[in-house]
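Report on the following structure.
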Number of protein chains: 2
Amino acid sequence: MPVAPPRPTDLPLTALRAFEAAARLGGFSAAAQELGVTPGAVTAHVKALEARLAARLFIRGPKGVELTALGARVLPEFTAAFDALGLAVHHLRAESAPKIVHIATLPALAQLWLSPRLPGLRAQMPGVEISITAMEAPPNLKRAPYDLSLFPGREGRLVAEEVIFPVCAPQLAARLTRPEDLADLPCLIDSAWAEDWQDWAAVAMPGTAFRPRGPVFSLYALAVEEAANGAGVLMAHGSLVAGHLARGQLVAPLPQRVRLPTALRLWSARSLKPGHPAERVARALRAP
Amino acid sequence: MPVAPPRPTDLPLTALRAFEAAARLGGFSAAAQELGVTPGAVTAHVKALEARLAARLFIRGPKGVELTALGARVLPEFTAAFDALGLAVHHLRAESAPKIVHIATLPALAQLWLSPRLPGLRAQMPGVEISITAMEAPPNLKRAPYDLSLFPGREGRLVAEEVIFPVCAPQLAARLTRPEDLADLPCLIDSAWAEDWQDWAAVAMPGTAFRPRGPVFSLYALAVEEAANGAGVLMAHGSLVAGHLARGQLVAPLPQRVRLPTALRLWSARSLKPGHPAERVARALRAP
DNA sequence: TGAAGAGGCTCAGATTTCCTCACCCTAGAT
DNA sequence: ATCTAGGGTGAGGAAATCTGAGCCTCTTCA
């Protein structure tokens with residue numbers, strides 16, 4: 001006659017993780033995004049946790065949530081614990097498959113920057129598999145299973161400056177000799193980098209109220225293709241159109257180039273051991 | 001067009017916990033017990049983990065499992081991480097309900113030792129709720145949600161010595177004047193403490209090959225009741241029959257008493273802050 | 001030598017947990 | 001006033017998780 005409740009159910013790990021993410025990121029939506037679930041799921045987890053503890057962890061406000069004193073007191077401990085767990089998982093992965101390097105990056109960078117460099121990388125380090133995952137925002141490297149993260153930003157090891165300038169198909173170049181000509185040409189806009197046009201115009205056409213008009217793309221690589229097809233002028237990131245420029249598919253008729261405050265940067269969660277495949281990949285990417 | 005796999009499923013926390021428990025305890029069955037699930041569930045978790053990592057974590061042997069080099073390398077990190085998590089949960093519980101003290105103990109101790117002391121405890125600290133959970137084996141206090149653990153053992157703060165001696169109903173006492181008389185009387189046996197008879201006989205009847213005969217009980221409290229009913233002789237733990245002896249429901253006809261190497265001991269996971277309810281309960285139990 | 005037991009594996013089926021979807025609500029911004 | 005951002009709800013379904021019974025292997029012990 002064993003004396004044991006059917007399941008001596010401790011606090012559910014998933015709910016704790018949801019709480020930690022929500023508390024650390026300051027919102028349920030942000031947590032949902034990090035965890036890859038819908039906000040409703042986070043709401044439910046936190047609610048379940050609070051119900052079980054019979055105590056509030058967040059104060060619900062109309063413009064978001066805020067930690068209660070209780071929540072704030074315990075958050076650091078949970079963050080540290082989940083960080084340790086994430087690190088342990090990282091090490092487990094690294095030890096069990098030391099020959100695979102996982103890289104997280106933007107879709108545009110994956111296609112236009114990383115992809116052309118892959119053959120060289122593969123040749124340089126045979127036996128090492130390079131896996132690339134595209135995502136819209138940099139992952140939390142302490143949690144998500146990536147070795148390297150390549151994104152525009154201000155932190156991390158510099159890989160390439162971000163220099164932007166207008167490009168178009170060669171047959172369109174004749175119609176684009178001065179910045180003012182842009183008003184008469186369709187401007188291809190990438191939805192994620194919509195501000196590029198303003199950033200460039202602010203420097204290249206100071207004093208002018210320039211508003212680009214043209215089709216919007218959610219995939220930068222698609223915009224590049226359309227530009228090469230002659231659909232209009234694209235605000236190009238230098239490092240992403242180098243191939244098209246070299247092959248003559250695109251040309252840059254205007255001399256004005258603008259350096260963005262962010263640059264293409266690479267970073268990794270843990271300090272990479274020299275000689276480790278991930279470290280070798282990082283080094284190779286930094287010095288192309 | 002968000003670029004995200006349906007669920008960027010990281011390693012499942014539950015499976016990691018199963019691995020950690022199995023590795024730390026040296027077996028799937030032991031892990032299953034600690035986690036409160038069947039061994040099959042642990043098997044499945046570990047298998048899933050290994051499949052996903054494409055690496056073995058355990059070497060399966062006929063008499064159990066053994067960690068692989070990989071498993072052994074990562075175990076300490078996981079243990080530390082889950083310990084930290086368990087501690088964080090402990091603190092969360094303590095902060096959110098500081099007035100509840102959870103005690104884990106044996107069923108027999110709960111009924112026969114703790115229960116009589118509860119009214120006094122409650123009177124001594126009004127407003128503090130004392131919750132008692134009975135279980136067969138001491139819980140892992142770093143993981144399970146208990147503040148105090150009361151079990152026979154060699155570690156922890158001494159609460160009471162374990163002294164054993166035969167007892168019976170008063171009407172049976174006349175037939176029990178010498179240890180040898182035990183051969184002619186039914187000996188009530190508690191399945192969990194079956195060795196008590198041997199331990200006592202080894203000291204009280206040296207040289208004799210004594211084997212108790214009689215009904216076996218899985219619940220010590222039941223055996224005590226049966227002894228009081230005159231069903232036979234029970235090998236009593238002194239601190240558990242004090243009440244029955246005082247009320248005359250049981251008597252101890254033989255003078256031989258044996259002190260067990262284990263004693264009733266109390267311990268807690270974290271260092272208790274003076275003034276904290278759990279600490280006050282612990283102090284009260286130690287000095288009755 | 002052979003029975004019993006410990007420890008683990010497997011598979012089907014059941015249960016619980018977890019998540020999504022669609023919708024509502026609120027307050028501040030446009 | 002409408003829009004947007006952030007959160008809450010409840011139904012329904014998908015997926016993770018657990019159980020249970022039976023099998024296997026090796027060891028122990030009688």
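In what follows, chains are A, B, ... by sequence order, proteins preceding strands, each numbered from 1.
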Could you state the [atom1]-[atom2] distance from [X] to [N], rounded to the nearest angstrom?
{"X": "L49(B)", "N": "dC9(C)", "atom1": "CG", "atom2": "C1'", "answer": "17 Å"}
{"X": "Q33(B)", "N": "dT19(D)", "atom1": "CD", "atom2": "P", "answer": "13 Å"}
{"X": "L25(B)", "N": "dG8(C)", "atom1": "CG", "atom2": "P", "answer": "11 Å"}
{"X": "E66(B)", "N": "dG7(C)", "atom1": "CD", "atom2": "P", "answer": "15 Å"}
{"X": "F19(A)", "N": "dC18(C)", "atom1": "CZ", "atom2": "C1'", "answer": "20 Å"}
{"X": "K63(B)", "N": "dT27(D)", "atom1": "NZ", "atom2": "P", "answer": "9 Å"}
{"X": "R17(B)", "N": "dT17(C)", "atom1": "CZ", "atom2": "P", "answer": "12 Å"}
{"X": "F58(A)", "N": "dG8(D)", "atom1": "CZ", "atom2": "P", "answer": "10 Å"}

Side-chain donor or acceptor of [X] paired with backbone N/O of [Y] under 3.5 Å:
{"X": "H90(A)", "Y": "L141(A)", "value": "yes"}
{"X": "S96(A)", "Y": "A55(B)", "value": "no"}
{"X": "E155(B)", "Y": "W267(B)", "value": "no"}
{"X": "S191(B)", "Y": "F217(B)", "value": "yes"}

For [N], take OP1 and OP2 only and decide whether either is under 4.0 Å from a side-chain N or O of [X].
{"X": "R60(A)", "N": "dG8(D)", "answer": "yes"}
{"X": "T43(A)", "N": "dG7(D)", "answer": "no"}
{"X": "H45(A)", "N": "dT17(C)", "answer": "no"}

When all nucleic acid strands are considered with a 4.0 Å heavy-atom cut-off, which category describes [X]: base, sugar-phosphate, or nothing?
{"X": "G61(A)", "value": "nothing"}
{"X": "T38(B)", "value": "base"}
{"X": "V65(B)", "value": "sugar-phosphate"}

Of the listed nucleotides dG7(D), dT17(D), dG8(C), the one nearest the side chain of S29(A): dG7(D)
Among dC18(D), dC9(C), dC19(C), the one nearest F28(B) by side-chain distance: dC9(C)
Shortest non-hydrogen contact from W200(B) toward I164(B): CD1-O, 3.5 Å
Given DNA chain D, 5'-ward residue of the pair K47(A) and P62(A), judged by closest heavy atom: P62(A)
